[in-house]
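So the structure is just underneath, and the comments pick up after that.
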Amino acid sequence: MEKSPCTTCHFISKAARVLTDVELETLESKCAQVSYRKGEVIFKQDALSTNIIYIKTGLIKLHMASKNRDQIIKIVKAPAYTGIPTTFAENINQYSATALQDTVACFIDVNAFKTFINNNGDFAFEIIINLCQDSLENYKRCVNRNQKKTPGRVAETLLFFAEKIFDREEFEFPLSRNDLADLICSSRESVSRIINDFNTDGLISLEGKNIAIKNRKLLEQVAKNG
DNA sequence: GCATTAACCACAG
DNA sequence: CTGTGGTTAATGC
């Protein structure tokens with residue numbers, strides 16, 4: 001994708017909209033745009049981080065490596081900032097980001113970003129709202145994960161992709177079975193079985209990587225009741 | 001006890 | 001990377 005100046009960027013964030021013209025010019029000189037292919041690593045856990053990353057287009061996963069296996073912390077759809085907590089709280093990245101689809105990201109110098117927060121209350125406010133929503137979402141996911149059984153978590157995730165990511169009932173599922181397991185804290189095998197059960201029971205239809213939600217009512221039931 | 005759930009392992013497309 | 005079958009451990013009735 002061609003780099004457009006921040007001042008005229010079509011994918012500008014809600015927060016950046018409240019920056020002054022001068023600040024936007026600063027942003028322009030303090031950011032770089034990078035394109036990624038599906039599967040490419042955007043930033044890696046344990047690396048030194050000096051940038052805030054803005055996902056301009058595409059879809060990524062944030063994941064954290066622990067002793068045995070990866071855990072997917074969240075799926076992030078453009079447009080969104082990511083890596084704010086990891087960059088502000090720690091110099092070292094606490095998690096990795098990998099593209100699930102072709103993705104375009106802007107790397108913003110953290111000091112420029114901090115200056116905006118210090119000088120522009122409206123900007124800071126937008127960023128805080130973002131962080132709060134994020135935090136709330138995480139609490140919910142945490143509760144769900146602990147209270148629901150695996151089929152419920154799978155159903156919920158499928159609905160999440162249909163509603164929040166693709167906004168349609170039929171879509172190409174961007175995660176492998178393993179990724180899905182890492183996302184909902186289950187095993188590859190269980191996830192595999194459950195998805196096939198959903199298919200044979202007519203809740204969804206499966207064609208390769210394509211998933212279509214067939215019986216939304218029932219799927220919601222499963223998602224709700226665990 | 002017995003049933004259910006789901007992880008882990010091994011093996012095969 | 002997926003799907004299947006067997007095994008096993010935990011939990012609930």
Side-chain angles (χ1 to χ4, degrees), chain A residues 35-47 55 57-78 82 93-105 137-226:
Chain A
S35 296
Y36 296 93
R37 289 307 191 84
K38 178 182 173 163
E40 277 190 301
V41 174
I42 296 167
F43 59 86
K44 209 162 150 48
Q45 187 172 346
D46 297 333
I55 305 298
T57 64
L59 188 69
I60 67 168
K61 63 172 177 180
L62 303 182
H63 49 116
M64 201 178 248
S66 57
K67 291 187 181 69
N68 304 325
R69 202 156 271 98
D70 248 17
Q71 292 241 324
I72 297 183
I73 302 154
K74 90 180 278 217
I75 305 292
V76 178
K77 180 194 175 184
T82 185
N93 285 331
Q94 301 293 300
Y95 49 82
S96 305
T98 304
L100 294 174
Q101 295 175 347
D102 291 353
T103 290
V104 177
E137 213 178 285
N138 282 326
Y139 294 159
K140 285 181 183 167
R141 271 171 29 85
C142 182
V143 169
N144 275 331
R145 190 179 342 113
N146 289 331
Q147 291 188 350
K148 284 177 186 167
K149 288 182 300 215
T150 315
R153 306 207 295 268
V154 173
E156 197 168 50
T157 307
L158 294 178
L159 289 167
F160 165 77
F161 274 97
E163 286 165 18
K164 299 285 165 57
I165 303 294
F166 296 108
D167 197 25
R168 50 184 305 192
E169 301 287 281
E170 203 174 338
F171 51 87
E172 187 186 329
F173 196 59
L175 298 177
S176 68
R177 301 291 129 109
N178 220 336
D179 275 349
L180 180 51
D182 289 343
L183 177 62
I184 63 174
C185 302
S186 179
S187 70
R188 187 200 113 237
E189 294 95 325
S190 298
V191 162
S192 194
R193 281 184 246 259
I194 289 164
I195 287 191
N196 282 329
D197 286 349
F198 284 176
N199 188 29
T200 48
D201 293 345
L203 299 194
I204 61 171
S205 78
L206 254 183
E207 264 179 62
K209 291 226 159 224
N210 291 320
I211 290 180
I213 293 183
K214 286 291 173 197
N215 192 336
R216 174 170 265 276
K217 277 266 165 56
L218 251 178
L219 199 60
E220 279 169 354
Q221 205 84 47
V222 176
K224 198 167 166 228
N225 299 326

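Every chain is numbered from 1 and lettered A, B, ... according to where its sequence line falls, protein lines coming before strand lines. Note that the structure is a prediction, hence the values are computed from the model and not measured.
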Could you tell me which residues satisfy side-chain contact (heavy atoms from CB on, under 4.5 Å) with Lys44(A), sequence neighbours excluded, listed by chain and number? Val41(A), Ser96(A)
Could you list the residues that satisfy ring pair (Phe, Tyr, Trp, His ring centres under 6.0 Å) with Tyr36(A), not counting sequence neighbours? none
The side-chain contact (heavy atoms from CB on, under 4.5 Å) partners of Asn225(A) (sequence neighbours excluded) come to Gln221(A)
Glu189(A): which residues meet the salt bridge (charged side-chain N to carboxylate O under 4.0 Å, His left out) condition with it, sequence neighbours left out? none
Under the ring pair (Phe, Tyr, Trp, His ring centres under 6.0 Å) test, which residues partner Phe161(A), sequence neighbours left out? Phe173(A)
Salt bridge (charged side-chain N to carboxylate O under 4.0 Å, His left out) filter on Asp182(A), not counting sequence neighbours, yields none
Leading and trailing nucleotides of DNA chain C with any atom under 4.0 Å from heavy atoms of chain A: dT2(C) to dG6(C)
So the side chain to side chain donor-acceptor pair (under 3.5 Å) pairs with at least one residue in residues 205-214 of chain A (sequence neighbours excluded) are none
Residues in residues 147-161 of chain A with a heavy atom under 4.0 Å of DNA chain C, by number, are none
Non-neighbouring partners of Glu137(A) that pass salt bridge (charged side-chain N to carboxylate O under 4.0 Å, His left out), sequence neighbours left out: none
Residues which pass salt bridge (charged side-chain N to carboxylate O under 4.0 Å, His left out) with Arg216(A), listed by chain and number, not counting sequence neighbours: Glu163(A), Glu169(A), Glu220(A)
Mind listing the residues from residues 173-201 of chain A sitting with a heavy atom below 4.0 Å of DNA chain B? Number order is fine. Cys185(A), Ser186(A), Ser187(A), Glu189(A), Ser190(A), Arg193(A)
